[in-house]
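Taking it in order: structure first as C-alpha cells, then the write-up.
Keep in mind the model is a prediction, meaning the values are calculated, not measured. Every chain is numbered from 1 and lettered A, B, ... according to where its sequence line falls, protein lines coming before strand lines.
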Protein chains: 2
Amino acid sequence: MARRAETIELAVLGLLHEGPMHGYELRKRLNLMLGWGRVLSYGSLYPALKKMLRGALIEESLSTRTPGTPVSKRPRITYQVTEAGTREFERLMSEVGPTAWEDDNFDIRFAFFSSTDMEIRLRVLEGRRTRLQERLDRIQRELAMTQQEVDRYAGELQRHGVDRVEREVMWLSDLINAERNSASTAASPSISPTPTPEQA
Amino acid sequence: MARRAETIELAVLGLLHEGPMHGYELRKRLNLMLGWGRVLSYGSLYPALKKMLRGALIEESLSTRTPGTPVSKRPRITYQVTEAGTREFERLMSEVGPTAWEDDNFDIRFAFFSSTDMEIRLRVLEGRRTRLQERLDRIQRELAMTQQEVDRYAGELQRHGVDRVEREVMWLSDLINAERNSASTAASPSISPTPTPEQA
DNA sequence: GTTAGCATGTAAGGAGTTACATGATTTT
DNA sequence: AAAATCATGTAACTCCTTACATGCTAAC
C-alpha cells in the first residue's frame, strides 16, 4: 500500500494552499516534507494530479515564465486549488480517526496543523500517542511471552526500535502540553499580543 | 514497492536457521522482528513461501503435532531450509552495497548479524551510517536553500525528523565502536574465556 | 457451546516505482 | 559545447494488502 493515494492528495492540497505551483516543484516540496527515505516519483505524482483535476479539486493554468518570448517555450503547467479542493482539504484535515494517526498520514496532517483548530490538533496528537503506546504494549507483551533468549543483535534491534517509539511518545506528549498551555494562556490575557491560532 | 520480495526471503531463510517452522509462526516472528508499524500479511507470506519452494530454497514437510491422533487433523506444514537455501542466505548476508543499507533491508540484515563475520558487519554498519549522513546533508542543504520562513508545525516535523536520523547515526556509531573494540580485545588475551564471534 | 486463536491459503485490486521518452533552460 | 537540472509525462511491472474461504483446537 505504502502511501495511500489520499495522502498524496492531502499533501498536494495543503501545499497548493501556499500558492500555485507546478508539478516539479510540488514533488520537491513533498520529498522535503515527508522524504525520510522514500521519494515520491513522477509516475506517482502526475497521475495523482490528473485524478485531482478530474475530481475538480485543482485547476491547471499554463504559465509562460518570461514575458519576452511568447510562443516557443513549452509553458509550465501551474496548479491551484479550487473551492471544492479547499473544502476537501478542510474535510480531510478535520477527520479524526485511525486514518489520521497512521504513520504517513499523521506526518502530513501534522505538517498542515496550522490550518486546523486546536481541538482537532489535540485529538489527532492524542490519538497518535495512544496508537504508539498500544504498539509498545503489544510488543512488550509479546516479548514477555517469548521464553527463548534472544540473539544479541536481534535484541539490540528490538531495544532500539522500542527506544525510537518511546521517544516519539515523549515528543507527542510535549506537543500536547504545548497545545494545552497555549490554550490556557490564550484564555487569560497574559503576554502575547495577538492570540490568534495562525501566528508563527 | 514497500518491502522488496528479497527482504522477506532473507528474513524467512534467517528465521528457519533457528529450526523448522510453519507459516503462521514465521509470520508472527517476522512481525515481531520488523513490525514497527506495518504487519506482514498472509497474502504476502504464503506466496513468498511457495516461490521459495519452487526455487528449492526451502522444503516442506507435514507434521502432526500430537502422536495420539494420527490421521484426521489437518497436518501443519513445516518449512526448513535446504542446502541451497543456506548458501543463498549466506550470499545475501555477505552482500555489501546499497541494497544492504536501505531501511528495511538493513533491519533484517542486522537482526541476523550473528551469522556473518565482523568484516561484513562493519561494512554494512558503516554503509548505513554514510547513507543516513548523506540524507542529513541533503536535507540541510535543501533547507538552507529555502528562503521562505517555515511554518511552525512543518518546521517542528522537520526538526523531529532530523533528530531521529541523527539519533540513529549515533546508535550506529556506538555499534561500530563496539565491533572494533571486540576485535581489538579478541586480539589480545584479556578477560573473556571464549573469544569466538558467536557468543551472546 | 461458543469465542478466540491456530493454520493455510486464493483472488482481486490498488499503489507506486522503474524505465522510457522528450525537450527546454541554465550553468560551467 | 556539454552537463546539469528543469519539466512533463506514459507504460509495464512488481509488490503487497484486503477480503474472502475454510476448518481445527483450546479455553471459558
Select from B:K28 and B:G43 the residue whose nearest nucleotide in DNA chain C is closer to the 5' end of that strand.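 Looking at the nearest nucleotide for each, B:K28 comes out on the 5' side.
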
Could you say whether B:P47 or B:H22 is positioned toward the 5' end of DNA chain C, judged by the nucleotide with the nearest heavy atom to each?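 Mapping each residue to its closest nucleotide by heavy atoms, the 5'-most match is B:H22.
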
Side chain of B:Y24 only, heavy atoms from C-beta on: which candidate in D:dA7, D:dG9, C:dA7 is closest?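 From the listed options, C:dA7 comes nearest.
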
Could you please name the option among C:dG16, D:dT18, C:dG9 that lies closest to any side-chain atom of B:S41?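 In terms of side-chain proximity for B:S41, the closest of C:dG16, D:dT18, C:dG9 is D:dT18.
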
Whole-Å gap separating [atom2] ([N]) and [atom1] ([X]):
| X | N | atom1 | atom2 | value |
| --- | --- | --- | --- | --- |
| B:L53 | C:dT8 | CG | P | 12 Å |
| A:R141 | C:dG5 | CZ | C1' | 13 Å |
| B:K51 | D:dC15 | NZ | C1' | 10 Å |
| B:L45 | D:dC15 | CG | C1' | 14 Å |
| A:L10 | C:dA15 | CG | C1' | 17 Å |
| B:M52 | C:dG9 | CE | P | 15 Å |
| A:L49 | D:dT10 | CG | P | 11 Å |
| B:E25 | C:dG5 | CD | C1' | 14 Å |

Have a look at A:G23 and say if it touches a base, only the backbone sugar-phosphate, or nothing, with a 4.0 Å heavy-atom cut-off.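 Sugar-phosphate: the residue A:G23, judged by heavy atoms under 4.0 Å, touches backbone atoms but no base.
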
If only side-chain N and O atoms of [X] are considered, is one of them under 4.0 Å from the OP1 or OP2 phosphate oxygen of [N]?
| X | N | answer |
| --- | --- | --- |
| B:Y46 | C:dT8 | yes |
| B:S44 | D:dT17 | yes |
| B:Y42 | C:dG9 | no |

A:R27 charged N/C atom sitting above A:Y42 aromatic ring, 6.0 Å / 45°: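 The answer is yes, since A:R27 meets both limits relative to A:Y42.
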
So which heavy atom on [X] is nearest to which on [Y], and how close?
| X | Y | result |
| --- | --- | --- |
| B:P20 | B:T78 | CB-CG2, 3.3 Å |
| A:L32 | B:Q158 | O-OE1, 3.3 Å |
| A:R152 | A:R159 | O-NH2, 4.5 Å |

Classify the angle between the aromatic ring planes of B:Y153 and A:F110 as parallel (below 30°), tilted (30 to 60°) or perpendicular (above 60°).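 Judged by the thresholds at 30° and 60°, the geometry between B:Y153 and A:F110 is perpendicular.
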
